[in-house]
Amino acid sequence: MFDLKAIRDDPQAFDQGLARRGRAPQTPAILALDKEWRAAETKAQELQAERNKLSREIGAAKAKGGDAADLMRLVAESKDEEARLGVEAARLKGEVDALLAGIPNLPAADVPDGTDEHGNVQVRLHGEPRRFAFPAKDHVALGEGLGLMDFARAGKLSGARFVVLSGALAQLERALGAFMLDLHTREFGYTEISPPLLVRDETAYGTGQLPKSADDMFKTTNGLWLIPTAETPLTNLVAGEILDEAKLPMRVTAWTPCFRSEAGAAGKDTRGMIRQHQFEKVELVSIAHPDQSAEEHERMTGCAEEVLKRLDLPYRVMLLCSGDMGAAAQKTYDIEVWLPGQDTYREISSCSNCGEYQARRMNARFKPKAGKGNRYVHTLNGSALAVGRTLIAVLENHQKEDGSVAVPAALQPYMGGLKVIRLDG
RNA sequence: GGAUGGGUGGCCGAGCGGUUUAAGGCACCGGUCUUGAAAACCGGCGAGGGUGCAAGCUCUCCGUGAGUUCGAAUCUCACCCCAUCCGCCA
C-alpha cells in the first residue's frame, strides 16, 4: 500500500519507480479516481455537517418541549442526496484502494535496474564451488541410494512434489531446523516463535500474498490459508499495533512448514526436493525503525550467511535487480548455495527489506519519541534458511565417492554424534 | 458444537437514544517546586480523512458489517473475536 498524498505530490517519481519494475504508469488512473473521490467525499461531508447541525437543533427544540416538525422536514429533503454521495464516495475510495493494493513496492535507490534474474548483481562470494575427483551425484541419487528419500511412496500418499524422508535424513532435517533456531536465538538475539500455520484473509493481505498470489496458496474449506512462509504470521504479529519506539527492532524467528501450490511452476524443478508443495523453513523477521532498516537488512542477511558458513557450504550473495524482486520488497538479497549435483548455484535464502509497504497494509506503527504523530515501521524478512534446500546442499556438498555423506561438525550434536550417513545406517 | 458474559483511546475503565466535544485513572510530554530525583501541584495529551497558504472549519472511528431513527458507543439483526462452563477431542 502507498501514501496517496505522496503520489499526489510527486506522481512522476512514483511512475518512474514502477517503470524500473517494468510496470506501466499508474498515476493517471489513480489521480483521476482520487480527484473524483475527493469531490464526492467533500460534498457528502458538507451535507453531513448540515444534517448534524439540524439534528442538534431538533434535540435542543425538543428538550424545550417545542415543535421540530419543520426542521425534521428539512433533514428529510437532503437525505437521499447525502446517501447517494456517500455510497459514491465509498465506491470510488474502494476503487483507489484496490488499485493501490495491487501495485508492487517501489525499488530502493541502490537496487540495480533489470528485467529478470540476469540483471542481478553478485555482491559477495564465500568459498569455492566444490569439485570432486568423482562424478558428483545429485541429492536424489544420494538420498535414494541411502534408502532414506522416497518419492514413490510420497506420490502414493500425496502426489507429486512431496517426499518421505526416513532415518538419518529425517533426523538431518530436524537437526538443521534446531541448529538454525539455536543459532539465531542464542547468538543473534531473535525470539523464537511458534506461530499458527493457518491464517485469515487479513493476515495474508497484510504481508502482500493477497490479493495477487491467492493461486500460490492452499485454502482450507473454512476459508483459512496455509502459510506459504512464516513471514506471514511473524510479520503480522504487530498488525494494527502502535509499538513503543524503544522496543525496535523487534526480532523474531520461527521454524515452520511452508505450503505452496506452485501453480505457475508446472514442469519446473520437478526432480527431487528443490520445489515441493510442503517444506520446512526457518524464517527471520525484523520489525525495525525506518532509519535503521537498511542496516538491519545487512545484519539479517549476515545471520542467514552464518548458517551456511557453519555448515561449510559455498555460496554467493546476489543483490536482486528491480525486475526480479518480490512485490512487497524494496530491496532483496538472495543467497545462493552451490549444488555440485546440479553444477550451479541455487537460491536457498531471500532477505528482503519491505520498507513500510507491509506496515501500511497491516497498519503497524510506532510512536516516535521526537516529533508528533505515529510513523509506520519497516518490516524485513529472510529465510535462514530453507531447511529442505539446506538438506539438499548438505547432501550434495558433503557427499563421498561411495555415496555416503559426512555430517557437518555443527550438526553432529543434533544427530547423536553421527559423523557419516551411510547405506547401512 | 451448546450455554452465559463480554469486546470503549497506548493501557485500565465509566457511559447504555440528544451539550459525549467519550468521564475518571494509569502511562507519556511540558511546567512549578528541588542541589538532583521522587512526591505533590498546574497544564497538555486518541487515530484516520476532506478542505484551506495558514489560523481554522469539518467528516469518520467505541470488534466488523448491515439496519431503525431527525439524531446511535447506546436500540435491532448477522458475523468475527475473547472469557467461563458443558460436550467432543490430540
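Just so we're on the same page: letters track the sequence lines, and every chain starts at 1. This structure is a prediction, so every number in the text was calculated from the model and none was measured.
The pair A:Glu41-A:Lys93 fails the salt-bridge criterion, with no side-chain N (NZ, NE, NH1 or NH2) lying under 4.0 Å from an Asp/Glu carboxylate O. A salt bridge links A:Arg91 with A:Glu95: the distance from a Lys NZ or Arg NE/NH1/NH2 to an Asp or Glu carboxylate oxygen falls below 4.0 Å. Using a 4.0 Å cut-off between a side-chain N of Lys or Arg and a carboxylate O of Asp or Glu, A:Glu262 and A:Lys268 do not qualify as a salt bridge.
With a cut-off of 3.5 Å on both Watson-Crick or G-U wobble distances, the partner of B:C75 is given as B:G67. The partner of B:G1 is B:C86, judged by Watson-Crick or G-U wobble contacts that both fall below 3.5 Å. When Watson-Crick and G-U wobble pairs are counted only if both distances are under 3.5 Å, B:U51 pairs with B:G56. If you check B:C61 for Watson-Crick or wobble pairing at under 3.5 angstrom, you find it paired to B:G46. The partner of B:A22 cannot be assigned: no Watson-Crick or G-U wobble pair with both contacts below 3.5 Å exists in any strand. Using the Watson-Crick or G-U wobble rule with both distances under 3.5 Å, B:G17 pairs with nothing in any strand shown.
Residues A:Gln358 and A:Thr379 bring a donor and an acceptor atom of their side chains to less than 3.5 Å of each other. For the residue pair A:Thr207 and A:Glu231, no side-chain donor N or O sits within less than 3.5 Å of a side-chain acceptor on the partner.
Looking at heavy-atom distances under 4.0 Å, A:Ile58 makes contact with a base. When heavy atoms are screened at a 4.0 angstrom cut-off, A:Arg56 is found touching no nucleic acid atom at all. At the heavy-atom level, A:Asn52 lies under 4.0 Å from the strands shown only through sugar-phosphate atoms. Across all strands, A:Arg8 comes closer than 4.0 Å only to sugar-phosphate atoms, never to a base (heavy-atom distances). Here A:Lys5 lies in heavy-atom contact (under 4.0 Å) with sugar-phosphate atoms only.
The separation of B:G15 from B:G9, taken at their C1' atoms, amounts to 15 Å, rounded to a whole angstrom. If you take atom C1' in B:U68 and the same atom in B:C59, they sit 22 Å apart, rounded to whole Å. The separation of B:G44 from B:G49, taken at their P atoms, amounts to 26 Å, rounded to a whole angstrom. Comparing B:A78 with B:A3, their P atoms sit 12 Å apart, to the nearest whole Å. Taking atom P on both B:G13 and B:G50, the two are 35 Å apart, rounded to the nearest angstrom. The C1' atoms of B:G67 and B:A72 are separated by 11 Å, rounded to the nearest whole Å. Taking the P atoms as reference points, B:C62 lies 31 Å from B:C85, given to the whole Å. B:C16 sits 14 Å from B:G7 when the P atoms are compared, rounded to a whole Å.
Aromatic ring pairs are classed by plane angle as parallel below 30°, tilted from 30° to 60° and perpendicular above 60°; the pair A:Phe14 and A:Phe2 is perpendicular.
Both A:Arg200 and A:Asp34 lie near RNA chain B, and the one whose nearest nucleotide falls closer to the 5' end is A:Asp34. Comparing A:Leu54 and A:Asn363 along RNA chain B, the residue whose closest nucleotide (by nearest heavy atom) sits nearer the 5' end is A:Asn363.
The span of RNA chain B lying next to chain A, judged by atoms under 4.0 Å from heavy atoms, is bounded 5' to 3' by B:G10 to B:C81.
Of the candidates A:Glu296, A:Arg299, A:His297, A:Ser286 forms a side-chain hydrogen bond (donor to acceptor under 3.5 Å, both in side chains) with just one, namely A:Glu296.
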Criterion side-chain contact (heavy atoms from CB on, under 4.5 Å) on A:Asp138 and A:Arg271, from CA distance to verdict: CA-CA 10 Å; A:Asp138 75 0; A:Arg271 178 177 166 81; 2.8 Å; yes
